[in-house]
Amino acid sequence: MAPKSDIEIARAAQKRPIQEIGEALGIGSEHLLPYGHDKAKVSQHFIDGLADRPDGKLILVTAINPTPAGEGKTTTTVGLGDGLNAIGRKAAICIREASLGPNFGMKGGAAGGGYAQVVPMEDMNLHFTGDFHAITSAHNLLSAMIDNHVYWGNEQEIDTRRVTWRRVLDMNDRALRQVTTSLGGVANGFPRETGFDITVASEVMAILCLASDLSDLQDRLGAMIVAYRRDKTPVYARDIKADGAMTVLLRDAMQPNLVQTLENNPAFVHGGPFANIAHGCNSVIATKTALKLADYVVTEAGFGADLGAEKFMNIKCRKAGLAPDCVVLVATVRAMKMNGGVAKADLGTENVDAVKAGCANLGRHIENVTGFGVPVVVGINHFAGDTDAEVQAVKDYVAGQGAEAILCKHWADGSKGMTEMATRVAEIADGGSANFSTLYPDDMGLMEKIETVAQKIYRAGSVSADSKVRKQLAEWEEQGHGALPVCMAKTQYSFSTDPTQRGAPEGFDLPVREVRLSAGAGFVVAICGEIMTMPGLPRQPAAESIRIGPDGEVEGLF
């Protein structure tokens, strides 16, 4: 008998009223703003009253470089949260919201899978509580106000050739990557070239996920650079007087969303910045709120540890004053085979040698994460076709790296398949062995920060950047932005900028073709290789299989 699909499992869930989930964390119903019966926002007033409470233990779930075989990072995050609660620990989960673009494209949803899911799965993967729509609206309000400012006399003397603020849409649409606006004559303004990014790549999204409260949110929004004048001085969003109205649009979106797992444990789902163009972590406010309410908080960072975990440590933890107590590094036997050269079609055949060959990628990530001073446990996300010999090969390799690997069967068995991992993670977190430190200090030069990440995390032999890039970084340092961390934008599929180069390459050149200042979010983006800020749909997008069934239920989401 074929196993049930994720959506079938989610639909059969015995959900509790969201007020009961809140009560388990000590959130009174008067502090919940319900969106139906199974999801709610937590009020800012309640969050403000938590400041004096001690923090729980913070556990980060990250992974090897993603492969078409699938790794299951979110599934493991949810399974670990359920597992901790099952062994009697008070735990909460913090993950990102799903973007409509990947949902209807190729990646699918972001609510976990099997018997380790967050529900309501359909709502989470579609409109949810409207946060992404609010971010899209706030972003595009600023776009409209920039063009309107120019139309009505251009008091700020904006050079329309140097407007850096693009528009956004939460959908994969390659036709909008480069567009020309304001065509059609005098009444429509001054024509100029611009384009669209996907909403999760917006600086507004990054700001929402790093801001501590509404006041901080407005300050950061006002600090965004939207254009330059002819004398090259920056024009900020506050110069256009857009920051106040943008904050109003984001007022409700700023409040974290509370939902539940299949096992009725609390989960905060809030924010969703890209992990290659932005920092790839859920909101600071959700993480900090969870830490005040639970003894253990399990969160995740996007893509592999070379992107998500590095940015979690160097950007989110640095900005928010956080420090992880333990890291779970997710790997699969299937992904090890792919890194060892096995084609996706042949993954069902036992191949211990390929597993061993592919473990180099896992080893690199173990070494990188322990370099931050945080203990690491490898979670082997179990697939039905994995053999005992292949699993043992991974365990033996990890032991040789001075770490330990634990087989996790949460996809099929929920918390029962995660008991061993949950017990070990709690022991490590309680043991206080973490000695967290960031990779580089604030006062290091921006180019040196880029080179540090490239060499210590990616193992690049060199970093190439033309004089224009280096000059731009120097100018930003002179303008007072030198203390900002760097946000490396590169492919998620490899340590290098070549997505086909799996395993653990080293000694390659890392090309930095462009740098962007996200002054409001508080980091400098270094674009390495070819990175799309507006993805396209694949030949057969997931949207082709998504429909309303005869019973009125959604079909085809995964």
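In what follows, every heavy atom counts, from backbone to side chain, and hydrogens, waters and symmetry copies are set aside.
- Between His382 and Asp413, the closest side-chain pair of non-hydrogen atoms is not below 4.5 Å.
- A salt bridge between Arg318 and Asp442 is present, with a side-chain N of the basic residue lying under 4.0 Å from a carboxylate O of the acidic one.
- Checked by atom type and distance alone, the side chain of Asp386 pairs as donor or acceptor with a backbone atom of Phe383 at under 3.5 Å.
- At most 12 heavy atoms of other shown residues, nucleotides or ligands fall within 6.0 angstrom of atom NZ in Lys456.
- The cationic group of Arg459 does not satisfy the cation-pi geometry with Phe495, failing either the under 6.0 Å distance to the six-membered ring centre or the 45° limit from the ring axis.
- Distance alone, capped at 3.5 Å, places no donor-acceptor pair between the Asp197 side chain and the Ser202 backbone.
- Donor-acceptor pairing under 3.5 Å is lacking for the side chains of Asn368 and Asp306.
- Using modelled atom types and a 3.5 Å distance limit, the side chains of Asn314 and His279 yield no donor-acceptor pair.
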Worksheet item: What's the verdict on salt bridge (Lys or Arg N to Asp or Glu O under 4.0 Å) for Arg11 and Glu8, showing C-alpha distance, side-chain angles and the deciding distance?
Response: CA-CA 5 Å; Arg11 194 169 291 153; Glu8 288 173 331; over 6 Å; no

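- A donor-acceptor contact closer than 3.5 angstrom is absent between the side chains of Asn276 and Tyr493.
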Discussion item. Could you go through Thr76 and His410, starting from their C-alpha distance and side-chain angles, then the distance that decides it, and tell me whether this counts as side chain to side chain donor-acceptor pair (under 3.5 Å)?
Written reply: CA-CA 7 Å; Thr76 302; His410 48 286; 3.2 Å; yes

Practice prompt. Report the C-alpha separation of Thr332 and Asn381 in whole Å, then their side-chain angles, then the decisive distance to 0.1 Å, and conclude whether the side chain to side chain donor-acceptor pair (under 3.5 Å) test is met.
Written response: CA-CA 5 Å; Thr332 65; Asn381 185 15; over 6 Å; no

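- Residues Val486 and Tyr440 form a side-chain contact, since some pair of their non-hydrogen atoms from C-beta on lies under 4.5 Å apart.
- Distance alone, capped at 3.5 Å, places no donor-acceptor pair between the Ser283 side chain and the Gly271 backbone.
- Counting only distance, with no hydrogens or angles, the side chain of Asp82 and the backbone of Gln117 share no donor-acceptor pair below 3.5 Å.
- Other residues, nucleotides and ligands contribute more than 12 heavy atoms inside 6.0 Å of the NZ atom of Lys90.
- Seen from the ring of Tyr458, Lys490 counts as a face-on cation partner, given the 6.0 Å and 45° thresholds.
- Within the 4.5 Å cutoff, the side chain of Pro535 has heavy atoms near those of the Phe274 side chain.
- One finds the CG atom of Asn65 at 10.5 Å from the CZ atom of Phe303 (value rounded to the nearest 0.5 Å).
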